[in-house]
Amino acid sequence: MRGSKNAVTKHMVAAMLGDGPSVIRNAPQVGDVDITAAMLESAGFHVGLEDSEITIAPGSEVRTRVPEAFTGLNRIPILMLGPLLHLTGEAFVPLVGGDPIGRRPVDFHAEALTALGAEIAYGPTGITAKASRLHGARITLPYPSVGATETVLLSAVLAEGKTVLRNAATEPEVVELALFLQRMGAHIELSPDRRIVIEGVPRLRGASTRLAGDRLEAFSYLVAGLITGGEVRVHGCPQDRLVTAITTLARMGTRFDITDEWITASAPDGLQPAAVHTDTHPGFMTDWQQPLMVLFTRANGMSVLHETVFENRLVYVPALQKMGCEIEVFPNCLGGPACRFHDGNALHSAVIRGVSKLRGAEVELPDVRAGFSAVLAAAVADGPSALHGVHHIERGYHRPFDQFASLGLRLAHGSA
Ligand code: EPU
C-alpha cells in the first residue's frame, strides 16, 4: 500500500514551512498530489514528483496568491493559509472543493486562524488572510475536524508562544502530520483527551519521511475480495490503523490472517448483517462506509448504516439502487447513538437488505469513495455497467485500474 491521499497532500503543505528541501516517500500517484504540486509551484516552490517520492524545496520568492484556477478542486488551499501567512504576512486562497458530501464549511479553520491573530475576509472567489505574526492561542473545536486540526498544526508551529487545541482530531493521518512537523523541528505535544499543545519555534527545517499504507485503500481492497467471494491480501498497511474495520468485518463472519507485513481476509462461510455507525477515530471511519454498503448487500439479512460525520455522505445511494442494491435511506439516527444530524432532514441512515441481486447499469460516480463502491457493485452485477466520472477514483486511489486488474476485474476505458 502506498501512503494515503489524505496524508500526502498535508505533508506537502507542511514542507512549505521548512527552510530546506523535504522528501516524502511511499507517496501515492493520485490526482490530488498533482493538484497540490501545481498549487505549491504556483506559490513559488520547487516540486519534484518521481514515482513514489516527492521532493519540495523553497524557491527564490513566495507568491501569496493561490490562483483561482484551483477553485473547487480539493480541500488543500484552506490548509495553505497558515504557511503562506508565516512566509509573507498575507495570503489568498480560492474556494475549496472536495467531494460533495455535505456542506463542508471552513468556519472552524477561519475561527482558529482568527484566534491565532489572522485577519480573515471572505470574498466571492476565496479567502484573504493577513497577519504580521501569528501568536499562540487557546482554541476549542466545536467538532474534532481533521482539516481544522491540521490548519491549527500548520499555523501554530511557527507562531509566537503556546497554542492549546482542544477537541482535536486524532486520525492517524493527523498524527502522521504532527510527527512530520516534529521532524522539521516543531514542538508538539499530543496529550490525552483530544488536546494538542504546540509551542511555537522561530524556524523549521526540511525533513524526510516515509508514509504508512493507506487505511482507506486497504479496507476498500479487502472488501473487494469479500464482495466477490474471494480472498485478498493487502500489504503494508499497519494493523493498528484498521482495528475497528477488522473487528466490524470479523463480526460479519470474515476470517482474517494477519502478520506484520500483510492482512488477508476471506468469508468462505458467508456474511452476516451488521449495524454500523461511522465516527471519528478510532471509530468506524466515514470513508469506509461506501464499500461496506455494497458488502451489506452480500450479507444474509438486514443491515443498518448510520453516517454521523458528513450529513450528505449517502448521496451516492441512488447509483447503487440503480444497480439493484436494496437500500432505503432515512433522516433518523438508526444504529448507534443519536448524532449531530438528528434534528435535520439529511438522509444519513440506511437500511440495506441482503442478499440483493445486482444488475449492471449506467451510473454517474459522484465522489472518490462512492466511485469505488460503484465499481464493486458493478463487479458482482449481472451484465455490464457503464460508470461515468472514474476520474474521481483516480483522485484518491493509487493506480486503481492496475489494482483492479490484479484482482481480476476487467474494466475498459470508454470514450464517453
Ligand atoms: N466541519 C465544519 N466546519 C469546518 C470543518 C469541518 O462544520 O470548518 C464539519 C464538516 O462539515 C463535517 C465534520 O466537521 O461534518 C468533519 O469534517 P473534517 O474537517 O473532519 O473533514 P475534512 O478535513 O474536510 C477529511 C478527509 C475526508 C474524511 C474526513 C473525515 C481530507 C482531504 N479529507 O476531510 O476524506 O472523510 O477528513 O475523516 O483529508 C476522502 O478522502 O474521500 C474524504 C472525503
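One-based numbering, in listed order, for ligands and for the atoms of each.
The pair Asp34-Arg395 fails the salt-bridge criterion, with no side-chain N (NZ, NE, NH1 or NH2) lying under 4.0 Å from an Asp/Glu carboxylate O. Salt-bridge annotation for Glu173 and Lys5: absent, with no side-chain N of the basic residue lying under 4.0 Å from a carboxylate O of the acidic one. A salt bridge links Arg203 with Asp19: the distance from a Lys NZ or Arg NE/NH1/NH2 to an Asp or Glu carboxylate oxygen falls below 4.0 Å. Between Arg25 and Asp51 there is no salt bridge, since no side-chain nitrogen of the basic residue lies less than 4.0 Å from a carboxylate oxygen of the acidic one.
By the 6.0 Å and 45° rule, Arg369 stacks over the aromatic ring of Tyr397.
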Side-chain donor-acceptor distances from residues 116-143 under 3.5 Å, at least two apart:
unit_1	atom_1	unit_2	atom_2	d
Thr125	OG1	Glu68	OE2	3.4
Arg133	NH2	Leu158	O	3.1

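Ligand 1 has no atom lying under 4.0 Å from any heavy atom of Glu311. For the ligand labelled ligand 1, residue Ala169 lies outside the 4.0 Å heavy-atom shell. Between Lys10 and ligand 1 there is a heavy-atom distance shorter than 4.0 Å. Using 4.0 Å as the threshold, Arg313 has a heavy atom nearer than that to some atom of ligand 1.
Taking all heavy atoms of Asp287, Leu177, Asp367 into account, the minimum distance to atom 43 (C) of ligand 1 is reached by Asp287. Closest heavy-atom approach to atom 2 (C) of ligand 1 within the set Phe341, Trp288, Phe108, Phe310: this belongs to Phe108.
Close approach of ligand 1 to Gly147 (heavy-atom distance below 4.0 Å) involves ligand atoms 19 (O), 23 (O). Of all atoms in ligand 1, numbered sequentially from 1 with element shown, those under 4.0 Å from a heavy atom of Val368 are 42 (O). Per-residue contacts place Arg369 under 4.0 angstrom from the following atoms of ligand 1 (heavy atoms of the residue considered): 40 (C), 41 (O), 42 (O). The ligand atoms of ligand 1 that sit less than 4.0 angstrom from a heavy atom of Arg75 are 24 (O). The ligand atoms of ligand 1 that sit less than 4.0 angstrom from a heavy atom of His109 are 8 (O). Annotation for ligand 1: atoms under 4.0 Å from non-hydrogen atoms of Arg340 are 15 (O).
For the pair Arg298 (side chain) and Ser356 (backbone), a donor-acceptor distance under 3.5 Å is present. At distances below 3.5 Å, not a single donor-acceptor pair connects side-chain atoms of Thr209 with backbone N or O atoms of Ile24.
Residues Cys325 and Met293 fail the side-chain proximity criterion, which asks for heavy atoms closer than 4.5 Å.
The part of Tyr143 lying near ligand 1 is the side chain, judged by heavy-atom distances below 4.0 Å. At a 4.0 Å heavy-atom cut-off, ligand 1 touches Lys5 through the side chain alone. With a heavy-atom cut-off of 4.0 Å, Thr286 touches ligand 1 through its side chain alone.
Using bins of under 30°, 30° to 60° and over 60° for the plane-to-plane angle, the ring pair His348/Phe341 lands in the perpendicular bin.
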